[in-house]
Amino acid sequence: QVNAGVGQASRVGGSRLSGQYAVVFDACAVGYRNWWFPAAGALMGLIFYLIDRFQRRWPVGLLGRPWRSAPKWGYRFLACWTLIAALGTGYDYINVCGSLRGGEAFVVEGRVHSFRLEHDKAQSESFIVSARRYEYSPSRIQAGFNTTVAVGGPIRDGLQVRIHDVGGQIARLEIQQ
């Protein structure tokens with residue numbers, strides 16, 4: 001394993017506890033946490049199925065004729081939603097973990113500076129380590145780190161970190177002890 005100097009970047013693999021750094025986030029260790037996104041489409045598909053199945057017993061005036069065709073277009077839309085959401089989030093997770101495990105992550109090590117809390121709807125945060133800017137939000141669906149200070153995230157100005165970067169996402173975050 002190659003260790004990057006403070007303020008330097010390199011391509012390396014990583015371990016659970018390396019040197020004086022403790023791993024506080026590892027995308028592979030936390031698993032596929034965005035399962036709920038495609039599951040929402042599957043759940044709505046189930047609801048449309050139940051409506052389609054039981055609407056024959058309902059009086060015509062209860063939901064009206066336009067609603068009777070809703071399950072038919074709903075199935076198609078929700079099938080596409082579920083498939084695209086599962087492929088997108090699944091690919092992201094597999095790509096991040098594959099790069100991390102294969103030692104292909106770009107490692108950035110240094111002190112956090114220019115930490116900013118964005119006061120927008122997404123409640124995003126951003127900071128810079130070794131001239132590389134990172135931005136994340138709990139509302140962004142990604143495999144990488146996205147835990148903000150508002151919900152207990154550890155990032156703050158002056159913190160010495162080692163980041164394993166895969167495509168701009170924080171695949172592994174280590175903090176100096």
Side-chain angles (χ1 to χ4, degrees), residues 1-45 77-116 118 122-156 159-177:
Q1 177 173 335
V2 177
N3 287 321
V6 174
Q8 307 221 348
S10 66
R11 291 193 177 276
V12 298
S15 61
R16 294 293 299 152
L17 185 62
S18 49
Q20 297 178 2
Y21 286 84
V23 176
V24 295
F25 176 81
D26 185 311
C28 302
V30 298
Y32 179 59
R33 32 181 205 143
N34 295 320
W35 59 268
W36 60 270
F37 194 59
L43 178 64
M44 289 303 296
F77 172 76
L78 292 168
C80 290
W81 168 277
T82 303
L83 181 65
I84 291 168
L87 289 174
T89 59
Y91 174 78
D92 184 40
Y93 174 72
I94 290 167
N95 180 50
V96 167
C97 284
S99 295
L100 192 57
R101 288 181 179 147
E104 299 168 8
F106 188 73
V107 177
V108 179
E109 187 173 332
R111 293 213 179 274
V112 171
H113 66 90
S114 302
F115 178 76
R116 290 182 41 188
E118 304 294 336
Q123 298 176 349
S124 61
E125 293 178 353
S126 64
F127 63 91
I128 297 173
V129 174
S130 299
R132 292 186 64 98
R133 185 174 186 275
Y134 293 94
E135 184 177 346
Y136 53 90
S137 167
S139 63
R140 190 173 298 155
I141 299 170
Q142 63 181 27
F145 177 80
N146 63 352
T147 306
T148 59
V149 170
V151 293
I155 301 296
R156 66 184 186 283
L159 191 66
Q160 179 71 25
V161 297
R162 181 181 298 147
I163 294 172
H164 299 254
D165 179 320
V166 176
Q169 291 188 56
I170 301 172
R172 180 182 293 141
L173 174 63
E174 301 174 37
I175 296 178
Q176 189 175 39
Q177 296 298 299

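Since we're looking at a predicted model, the values are computed, not measured.
- The aromatic rings of Y136 and F127 lie perpendicular to each other, with more than 60° between the two planes, well past the 30° mark.
- Y91 OH: 12 or fewer foreign heavy atoms inside a 6.0 Å radius.
- The heavy-atom pair separating D92 from A143 by the smallest distance is OD2-N, 2.7 Å.
- One distance of note links CZ of R101 with CZ of R172; it measures 9.5 Å at 0.5 Å rounding.
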>> The test is side-chain contact (heavy atoms from CB on, under 4.5 Å); show your working for F115 and V149 and say whether it passes.
In response: CA-CA 11 Å; F115 178 76; V149 170; 3.7 Å; yes
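- I128 is not listed as a side-chain neighbour of V112, based on a closest heavy-atom distance of 4.5 Å or more.
- Minimum heavy-atom separation, V129 to V161: CG2-CG2, 3.7 Å.
- Formation of a donor-acceptor pair under 3.5 Å by the D165 side chain with backbone atoms of F106 is not found in this model.
- How far CG of D26 is from CD1 of I170: 12.5 Å, rounded to the nearest 0.5 Å.
- Without hydrogens or angle criteria, R140 side chain to E135 main chain gives a donor-acceptor distance under 3.5 Å.
- Note that CD of E174 is 3.5 Å distant from NE2 of H164, once rounded to the nearest 0.5 Å.
- Side-chain N or O atoms of S130 include none that pairs as donor or acceptor with a backbone N or O of R132 at under 3.5 Å.
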> W36 and I141: side-chain contact (heavy atoms from CB on, under 4.5 Å), yes or no, with the steps?
Replying inline: CA-CA 10 Å; W36 60 270; I141 299 170; 3.8 Å; yes
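- Heavy-atom minimum distance, V96 versus A171: CG1-CB, 3.5 Å.
- Between the side chains of N34 and Q142, no donor N or O sits under 3.5 Å from an acceptor N or O.
- Here the CG-OG1 distance, from L173 to T147, works out to 9.5 Å after rounding to the nearest 0.5 Å.
- The shortest side-chain heavy-atom distance between Y134 and I155 does not fall under the 4.5 Å cut-off.
- With rounding to the nearest 0.5 Å, the separation of CD in E125 from CD in E118 is 9.0 Å.
- In this structure a side-chain-to-backbone donor-acceptor pair under 3.5 Å is present from Q169 to G144.
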>> Test side-chain contact (heavy atoms from CB on, under 4.5 Å) on V107 and I163; report intermediate values, then the result.
In response: CA-CA 6 Å; V107 177; I163 294 172; over 6 Å; no
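- Here F37 and W81 bring their ring centres to under 6.0 angstrom of each other.
- Closest heavy-atom contact between P138 and T148: CD-CG2, 3.3 Å.
- The distance from the OH atom of Y32 to the OH atom of Y93 is 10.5 Å, given to the nearest 0.5 Å.
- A donor-acceptor pair under 3.5 Å links the side-chain atoms of Q177 to the main chain of I175, judged by distance alone.
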>> Using the rule given for side-chain contact (heavy atoms from CB on, under 4.5 Å), can you reason through N146 versus R33, listing the C-alpha separation, both sets of side-chain angles and the distance that settles it, and then say yes or no?
In response: CA-CA 11 Å; N146 63 352; R33 32 181 205 143; 3.0 Å; yes
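- Scanning all heavy atoms of the two residues, the minimum distance from L159 to P154 falls at CD2-O, 3.4 Å.
- In terms of modelled atom types and a separation under 3.5 Å, the side chain of R162 and the main chain of Y21 share no donor-acceptor contact.
- Across all non-hydrogen atoms, the minimal contact from C28 to C97 is SG-SG, 2.6 Å.
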